[in-house]
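Just so we're on the same page: letters track the sequence lines, and every chain starts at 1. Computation of the quantities below employed the complete heavy-atom set of this structure, encompassing side-chain atoms and omitting hydrogens, waters and symmetry-equivalent molecules.
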Number of protein chains: 2
Amino acid sequence: MKILVADLEGVFVPEIWISVAKKTGIDELKLTTRDISDYDILMTKRLAILKENNLKIEDIKDVIASLEPFEGALDILNWIRKETQIILLSDTFEEFAKPLMKKLNYPTLFCHTLTIDKQNNITDYNLRIDNQKHRAVKALKKLNYHVIAFGDSYNDIKMIQEASQGFFFKPPDSVIAGFPKIPVTRDYFELKTMIKTLLDK
Amino acid sequence: MKILVADLEGVFVPEIWISVAKKTGIDELKLTTRDISDYDILMTKRLAILKENNLKIEDIKDVIASLEPFEGALDILNWIRKETQIILLSDTFEEFAKPLMKKLNYPTLFCHTLTIDKQNNITDYNLRIDNQKHRAVKALKKLNYHVIAFGDSYNDIKMIQEASQGFFFKPPDSVIAGFPKIPVTRDYFELKTMIKTLLDK
């Protein structure tokens, strides 16, 4: 039996931190795992920037509530869920993801949590587990699933490599250059074609 | 982080085989894991009965397409999916489940598959893996989830016992009697209250 796992940001919805950067005008918040591959360094930097600028959880939630999934994202996700099962594996946080999950018709999402203090400051982040994407694929394979994985960024590489079959969706050129053997899809039409092919095999 | 796992038949939708029995008038098909706790014995018997009565996969699919989720099932499932994550763990088959999943707004489902021959006879069943419910809970715990499990029947016991917290939903008296230490909920109101309590803890 087959199951899909996929990244969320950059695949179905915009990068949350980039959106926050645009709305707040803080350019440093535009950095993502596409730019800094070490997630802990990236997150520590993000939290420090939020503190410097006195940005609270509610400010970030306001931005996220104004985001929309990419055009066609809901359609392809609905199609996938009719055809097979999918679990979204994201290094985002439960507190951020909720308004976006509603707009995507509540697919199953495995992610992380934030620590919020009484003044609504984001004081820390809690990775549910290290390498969660990679580990989730291993766990699903152990449950005798043939796992098909796709994502766009550095933090998806181990997930894609561990999967029974894996490919990129809309990766930046730097990611393609670093992993030239991983197949690439560039829009939802190509994504659907790829998934159809892999499910039919 | 918390995640829910739950049985499907008897919890959100009617028992499929009982529905088939009623529609076809074949009383022997009414047996479920509530009556015969060994799933292999039960399934072998069911397939033999289908063959004797010349019932094809399309006949069973017709019955399933006429089933509706229990009153309130979609509401509570939608509520759960807004609050947290849920994965349905069912010993049903992909081929049977699809029309029901549509009516439940496509929650994630882990189940099994059937072997269908060219004459549309169901010739065999393929358990994706033995003890899949129990193993799924173990896998989710290994991914550092606090797993809350509920179901109604014998094939849910190991899942409930392995979970971080577990309880019954609408179990028959025989199941309650066999496992008196497992808490019991009897309708969706009690289910919602129980889930709220366990998520808030």
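Residue-level contacts of residues 41-69 of chain B with chain A do not occur; threshold 4.5 Å between heavy atoms.
Proximity to chain B (any heavy atom under 4.5 Å) is shown, for A/Lys102, by neither the backbone nor the side chain. A/Ile86 touches chain B through its backbone: at least one of N, CA, C or O sits under 4.5 Å from a heavy atom, while the side chain does not. Heavy-atom distances place no part of A/Lys138 under 4.5 Å from chain B, backbone and side chain included.
Enclosure of atom NZ in A/Lys158 is not indicated, since only 12 or fewer non-hydrogen atoms of other residues, nucleotides or ligands lie within 6.0 angstrom. With a 6.0 Å radius and a threshold of 12 heavy atoms from other residues, nucleotides or ligands, A/Lys103 has its NZ atom above the threshold.
Checked by atom type and distance alone, the side chain of A/Asn144 pairs as donor or acceptor with a backbone atom of B/Arg128 at under 3.5 Å.
For the set B/Leu109, B/Thr113, B/Thr84, the count of heavy-atom pairs under 4.5 angstrom toward chain A peaks at B/Leu109. Chain A forms more heavy-atom pairs under 4.5 Å with one residue of B/Gln85, B/Lys98, B/Glu94 than with any other, namely B/Gln85.
Closest heavy-atom contact between B/Ile87 and A/Phe110: CD1-CZ, 3.9 Å.
Note that the CZ atom of A/Arg135 and the NZ atom of B/Lys142 stand 8.5 Å from one another [nearest 0.5 Å]. In this structure, A/Ile129 CD1 and B/Met1 CE are separated by 12.0 Å, a value rounded to the nearest 0.5 Å.
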Show, in sequence, the C-alpha distance, side-chain angles and deciding distance for A/Leu143 and B/Gln132, and conclude whether the side chain to side chain contact (heavy atoms under 4.5 Å, CB included) test is met.
CA-CA 7 Å; A/Leu143 292 173; B/Gln132 74 120 345; 6.0 Å; no

Derivation and outcome, side chain to side chain contact (heavy atoms under 4.5 Å, CB included), residues B/Tyr106 and A/Asn105:
CA-CA 9 Å; B/Tyr106 295 105; A/Asn105 199 17; 5.7 Å; no

